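Numbers here simply count residues along the sequence, with the first being 1. We count ligands from 1, going down the list as the structure has it; atoms in each ligand are counted the same way. All values reported here derive from a predicted model rather than from experimental measurement.
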Amino acid sequence: MEKPAIAGGTPVRNTKLYYGHQFIDEADVKAVEAVLTSDYLTCGPKVVELEKRLCELTGAKYAVAVSNGTAALHIAAMAAGVGDGDELITTPITFAASANCALYCGGRPVFADIDPNTYNIDPECVREKITDRTKAVVAVDFTGQAVPLDALLDICHDRKITLIEDGAHSIGTKYKGKPVGSIADMTTFSFHPVKTVTGGEGGAVLTNREDLYEKLLLYRSHGITKEEAFYVNESHGPWYHEQIDLGYNYRITDIQCALILSQMDKLAQFAGRRRAIVERYNNAFLQIPQLFVQQEIPESDTTRHLYILRIRPELLTIDRKGFFEAMAAENICCNVHYIPVYWHPYYQKLGYKKGICPNAEKLYEEMMSLPIYYSLTDQDVDDVIMAVRKIVEYYKK
Ligand SMILES: Cc1ncc(COP(=O)(O)O)c(C=O)c1O
């Protein structure tokens, strides 16, 4: 077996650092405990409270809290009307769920390339991929930076296409001063533990449109309604409800909502620390010619979820895999976000060919995600920087 790359000497750290970790305090524990001894574990007041809080945070008119970010994307694609044979355009540099939501609906994901500097989907590439079958665009705020919402809204609304912003990375981010969640037709969030705010699992869809909101409520819970205005038949009595569409059980528990609410109390704190970490990394890495630093998007006031270290392999004697292994040998455990979605065997079997999004594929070959989370200390961040410097010095051409 090939030996993993190491930059020699003793490791920069003697304990391991991981790329992400949740932060849970006493207030979070108390909030969850209070729900456990209350009357409602699900479908209760904490769900309503979370939805209200998300509307307050984002300025959106409506929020529908669901079991996870994938469920949020699924019901958003359904509400956008994606059906058999319809196309949904998204980026390949994302978690598979951003594309899978089209497949769940019988539609086909179409991949548009990214901007090589910001790594977000490129609106011009979206424009090129639009056909008569395009029903929706899922634009991902990759690493937390807002996509070019103005340009995407222009492109979509000219052609009656629904813009879904996948904000799994971007809760707390603002675009041109407005919080994400209130700008696209629908915005989805994820509350997975590596995200800025967590509920263990959890998700939400935000929208300003009442017609979409009504559909989202139905799809979250089996397509069943208790709203008399929507009944097809006459009510049989106070217990009456009707299934008027086909939905799922994508409900979130009050336990999760209580945790998310308590975490949201700390969002400004979380966001501030993440920003400070990005600044510390950027200041160090901008001095190193063997690295490329992700462009900060001036329109985006960003709550950063991921920090991408991108190497320039032409200036080094190791590739990304070697660099990643060398970081692990320094006890810095990185990750890679993401393998281009259409490279996965499932997508290859569906007939997607490699090479369709060259900027995304090049980025994939050169990137890794460095540790970034609230409780990372300045010393931890400096250790990461020291490890990166050490490896670059050892392997530079
Ligand atoms: C960009 C993106 N979209 C969607 C999801 C899916 O969210 P969840 O894990 O909550 O289902 C994730 C989570 O990993 C994500 O990073």
Side-chain angles (χ1 to χ4, degrees), residues 18-22 50 54 63-78 80 82 88-105 109 111-112 114 118-121 136-147 152 163-173 180-181 184 186-206 216 219-220 248-253 256-257 259-260 263 274 294 300 302-308 335-342 344 347 360 363-364 367 369 372-373:
Y18 293 93
Y19 91 95
H21 201 274
Q22 70 273 16
L50 174 61
L54 288 170
V64 177
V66 291
S67 46
N68 53 65
T70 304
L73 283 162
H74 184 186
I75 62 171
M78 289 172 79
V82 177
L88 174 151
I89 301 174
T90 192
T91 167
I93 297 297
T94 185
F95 185 62
S98 316
N100 289 346
C101 61
L103 298 174
Y104 298 156
C105 299
F111 295 97
I114 56 161
T118 66
Y119 315 153
N120 272 339
I121 201 165
V137 170
V138 170
V140 179
D141 296 327
F142 181 61
T143 74
Q145 297 207 90
V147 285
L152 288 168
L163 179 63
I164 302 168
E165 184 177 11
D166 181 343
H169 298 182
S170 64
I171 191 165
T173 289
V180 301
M186 285 177 276
T187 304
T188 62
F189 289 144
S190 160
F191 302 112
H192 180 272
V194 295
K195 301 299 189 306
T196 303
V197 163
T198 188
E201 297 276 359
V205 190
L206 292 103
L216 294 166
Y219 298 146
R220 168 172 68 180
Y248 297 82
N249 177 356
Y250 282 163
R251 294 187 304 264
I252 186 169
T253 65
Q256 291 164 288
C257 291
L259 179 53
I260 297 164
Q263 291 260 300
R274 284 170 175 272
Q294 180 184 11
S300 177
T302 304
T303 297
R304 190 70 75 108
H305 162 53
L306 294 173
Y307 188 91
I308 305 296
N335 205 328
V336 174
H337 297 91
Y338 293 94
I339 300 168
V341 175
Y342 58 80
H344 285 292
Y347 277 83
L363 173 64
Y364 170 63
M367 66 147 127
S369 304
I372 180 168
Y373 49 91

Mutual orientation of the aromatic rings belonging to Tyr342 and Phe111 [parallel < 30°, tilted 30-60°, perpendicular > 60°]: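 It falls in the tilted class, 30° to 60°.
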
Asn120 (side chain) donor-acceptor with Phe142 (main chain) under 3.5 angstrom: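 At least one qualifying donor-acceptor pair exists.
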
Gln263 side chain vs Thr198 backbone, donor-acceptor pair below 3.5 Å: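 At least one qualifying donor-acceptor pair exists.
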
Heavy atom of the protein closest to atom 5 (C) of ligand 1 (residue, atom name, distance):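 Among all protein heavy atoms, the one nearest atom 5 (C) of ligand 1 is Phe95 CD2, 3.8 Å.
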
Inter-residue atom distance Leu206.CG - Leu54.CG, 0.5 Å rounding: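 Result: 5.5 Å between the selected atoms.
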
Numbered atoms of ligand 1 (with element) below 4.0 Å of Thr94, judged on heavy atoms: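 It comes down to these atoms of ligand 1: 1 (C).
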
Atoms of ligand 1 close to Ser190 [distance to a heavy atom under 4.0 angstrom, numbered from 1]: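 Close to Ser190: 7 (O), 8 (P), 10 (O).
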
With His192 via ring pair (Phe, Tyr, Trp, His ring centres under 6.0 Å) - residues at least two apart: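 By the ring pair (Phe, Tyr, Trp, His ring centres under 6.0 Å) rule, His192 matches no residue at all.
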
Where the closest heavy atom to [atom] is concerned, which of [options] has it?
{"atom": "atom 15 (C) of ligand 1", "options": "Ala97, Ala71, Ala168, Cys101", "value": "Ala168"}
{"atom": "atom 12 (C) of ligand 1", "options": "Lys195, Glu201, His74, His169", "value": "Lys195"}
{"atom": "atom 4 (C) of ligand 1", "options": "Val140, Thr143, Asp166", "value": "Asp166"}

Can you tell me if [X] contacts ligand 1 (heavy atom of the residue under 4.0 Å from the ligand)?
{"X": "Ser98", "answer": "yes"}
{"X": "Leu73", "answer": "yes"}
{"X": "Tyr338", "answer": "yes"}

Residue pair Gln145 / Thr118, side-chain donor-acceptor N/O under 3.5 Å: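 There is no such pair between these side chains.
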
Residue portion contacting ligand 1 (non-hydrogen atoms closer than 4.0 Å) for Thr70: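 Both backbone and side chain of Thr70 come within 4.0 Å of ligand 1.
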
His305 vs His337 side-chain heavy atoms within contact, under 4.5 Å: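 Counting from C-beta outward, His305 and His337 never come under 4.5 Å.
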
